[in-house]
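Naming convention: chains lettered A, B, ... in sequence-line order (proteins, then strands); numbering from 1 in each chain.
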There are 2 protein chains.
Amino acid sequence: MTGTSKTTASLKVTLDSWESLFRAQVAVMRKISAMEEFNSLSMREYDVLFNLRFCPGGRSRLVDLNQNLLISQPSLSRMVTRLEDKGLITRESDPDDHRALLLSLTEKGLALQQEIGRQHAKHLHELLGDAMSEEEFREMQRLTGKLREAVA
Amino acid sequence: MTGTSKTTASLKVTLDSWESLFRAQVAVMRKISAMEEFNSLSMREYDVLFNLRFCPGGRSRLVDLNQNLLISQPSLSRMVTRLEDKGLITRESDPDDHRALLLSLTEKGLALQQEIGRQHAKHLHELLGDAMSEEEFREMQRLTGKLREAVA
DNA sequence: CTAATTTATATGCGTATGCATGTAATAACA
DNA sequence: TGTTATTACATGCATACGCATATAAATTAG
């Protein structure tokens with residue numbers, strides 16, 4: 001505990017807090033996955049469209065996209081094939097690195113993302129909007145942001 | 001906006017906050033799933049042992065257990081079979097309701113949960129302990145608790 | 001400049017998953 | 001009480017998943 005050393009939160013508080021976040025996430029995800037907007041596309045698949053929509057330049061390498069998802073690289077590779085077969089995204093070889101692919105939404109993919117996103121936003125707001133005050137939501141965002149930074 | 005109506009957080013703040021929580025969870029889970037303690041048992045399987053360990057009476061119906069997990073009931077049913085085959089949990093018919101099962105840990109299952117849990121706690125603390133102050137962790141726990149209540 | 005290493009994606013293969021549905025037991029109702 | 005509806009769990013089947021590994025391209029080492 002000398003000099004510039006940071007203090008570390010206690011084991012119990014760290015674990016209890018993570019456990020609470022995790023269980024909250026499970027509870028919310030169970031509700032979300034039952035929502036009608038995810039009948040045509042699974043949440044995992046939608047998440048790919050969502051990430052492509054908002055990634056810089058609207059293009060992303062498979063590996064970079066994978067960073068934001070829980071599935072393995074081979075699973076994402078095959079999911080991309082399926083989404084491509086459905087006409088929702090395109091795979092292009094990266095001219096600067098012929099190993100890599102640049103993934104992007106097709107017009108159809110963008111339209112579907114927007115349609116599902118609209119419904120999803122509405123339903124999420126209905127589900128969670130009253131859970132806490134706006135200030136508390138902001139604080140939760142700030143804290144989860146710190147958590148994310150810590151593991152990046 | 002009359003009388004006792006609660007104010008609802010704005011759409012944007014609600015969604016951004018949820019998005020932030022979700023991404024933080026993904027980032028942490030990616031790290032966790034790579035940890036050595038989950039070589040013998042997947043996180044999902046461990047979570048079943050964990051839930052059984054801490055549920056009231058150390059026994060739980062399959063349906064009740066399922067509430068705390070993201071997998072479907074049929075998947076849990078088969079996972080239980082596998083965990084039973086490994087000698088980690090037992091399935092007993094509920095004497096009060098012959099449709100239901102009472103699941104509980106075997107001695108071996110308890111021992112394994114404790115062993116994995118010990119390592120997991122250590123690693124999680126190393127991973128997250130410095131992410132924020134103890135007060136902030138407590139606040140995160142409080143807020144995620146509210147979130148969970150809201151969807152219960 | 002060639003050889004070894006690393007990085008990005010794909011594929012074989014066994015297994016886990018979800019959906020729809022089945023079976024059995026309890027609860028509700030008329 | 002007999003009938004219907006509901007609840008708890010299991011199973012058939014098609015598909016998605018993860019792990020190990022292959023392939024191909026870029027980077028590094030010697």
Side-chain angles (χ1 to χ4, degrees), chain A residues 26 29-49 51-52 55 59-86 88-104, chain B residues 26 29-49 51-52 55 59-86 88-104:
Chain A
V26 167
M29 289 299 275
R30 283 186 69 84
K31 295 284 185 177
I32 292 177
S33 57
M35 291 173 178
E36 54 186 330
E37 59 264 34
F38 296 110
N39 284 344
S40 53
L41 222 56
S42 75
M43 267 190 301
R44 285 175 162 185
E45 290 170 329
Y46 170 73
D47 204 18
V48 168
L49 301 193
N51 272 277
L52 281 179
C55 70
R59 289 162 182 283
S60 176
R61 290 171 159 223
L62 197 139
V63 156
D64 297 334
L65 190 60
N66 204 175
Q67 290 298 113
N68 298 322
L69 308 172
L70 278 178
I71 65 176
S72 67
Q73 176 271 315
S75 290
L76 179 56
S77 177
R78 284 192 245 247
M79 186 186 286
V80 163
T81 302
R82 295 194 302 272
L83 293 172
E84 202 179 18
D85 290 347
K86 288 185 180 181
L88 301 174
I89 71 180
T90 57
R91 244 195 262 250
E92 300 169 75
S93 182
D94 183 344
D96 298 336
D97 183 345
H98 285 203
R99 293 170 304 182
L101 298 177
L102 291 178
L103 305 175
S104 54
Chain B
V26 167
M29 289 301 273
R30 282 186 70 84
K31 296 282 186 179
I32 292 176
S33 57
M35 290 171 178
E36 57 187 328
E37 59 265 35
F38 296 110
N39 285 344
S40 54
L41 220 57
S42 74
M43 265 190 302
R44 285 176 163 184
E45 289 170 331
Y46 170 73
D47 203 19
V48 167
L49 300 192
N51 271 278
L52 280 178
C55 71
R59 291 163 181 281
S60 176
R61 291 171 158 221
L62 197 139
V63 155
D64 296 335
L65 189 61
N66 203 176
Q67 290 298 113
N68 297 323
L69 309 173
L70 278 179
I71 64 176
S72 67
Q73 175 270 315
S75 290
L76 179 56
S77 177
R78 284 191 246 247
M79 185 187 286
V80 163
T81 302
R82 295 194 302 271
L83 293 171
E84 201 179 18
D85 290 347
K86 288 185 180 179
L88 300 174
I89 69 179
T90 56
R91 243 195 262 251
E92 300 169 73
S93 184
D94 184 345
D96 298 337
D97 183 345
H98 285 204
R99 293 169 304 180
L101 297 178
L102 291 177
L103 305 175
S104 54

Rounding to 0.5 Å, atoms CD (Gln67(A)) and OG (Ser60(A)) come to a distance of 9.5 Å
Can you give me every donor-acceptor pair (side chain of residues 69-78 of chain B, partner residue at least two apart or in another chain, under 3.5 Å) with its distance?
from     : atom 1 : to       : atom 2 : distance (Å)
Ser72(B) : OG     : Ser75(B) : N      : 3.3
Ser72(B) : OG     : Ser75(B) : OG     : 3.1

Taking side-chain contact (heavy atoms from CB on, under 4.5 Å) as the definition, give me every residue that meets it alongside Ser33(B), ordered by chain and number, with sequence neighbours left out. Met43(B)
Interatomic distance, Glu92(A) CD vs dA8(C) C1' [rounded to whole Å]: 16 Å
Just how far, in rounded Å, is P of dT7(C) from CG of Asp94(A)? 17 Å
Using a 4.5 Å cut-off on heavy atoms from C-beta on, say whether the side chain of Leu49(A) contacts that of Ile89(A). yes
Bend of the helix from dC1(C)-dG30(D) to dA30(C)-dT1(D) from end-axis comparison, five pairs per end, nearest 10°, comes to 30°
Sequence neighbours left out, what passes side-chain contact (heavy atoms from CB on, under 4.5 Å) with Ser104(A)? Give chain and number order. Arg59(A), Thr90(A), Glu92(A)
Please, which pairs that meet salt bridge (charged side-chain N to carboxylate O under 4.0 Å, His left out) have at least one residue in residues 60-72 of chain A, sequence neighbours excluded? Arg61(A)-Asp94(A), Arg61(A)-Asp97(A)
Within-4.5 Å side-chain heavy-atom neighbours: Leu88(A) and Glu45(A): no
Any chance you could list the contact pattern along nucleotides 13-24 of chain C? Use B for base contacts, S for sugar-phosphate-only contacts and - for none, protein heavy atoms under 4.0 Å, 5' to 3'. B--SBBBB----
Using the side-chain hydrogen bond (donor to acceptor under 3.5 Å, both in side chains) criterion, which residues pair with Asp47(A)? Sequence neighbours excluded. Asn51(A), Arg23(B)
Hey, where on DNA chain D does chain A first and last touch, going 5' to 3'? Cut-off is any atom under 4.0 Å from a heavy atom. dA16(D) to dA26(D)
Is there any salt bridge (charged side-chain N to carboxylate O under 4.0 Å, His left out) pair reaching into residues 29-44 of chain A, and which pairs are they, with sequence neighbours excluded? none
Under the side-chain hydrogen bond (donor to acceptor under 3.5 Å, both in side chains) test, which residues partner Thr81(B), sequence neighbours left out? Arg91(B)
Toward the 5' end of DNA chain D, by each residue's nearest nucleotide, Leu62(B) or Pro95(A): Leu62(B)
Examine dT9(C): is either OP1 or OP2 under 4.0 Å from a nitrogen or oxygen in the side chain of Ser77(A)? Give yes or no. no
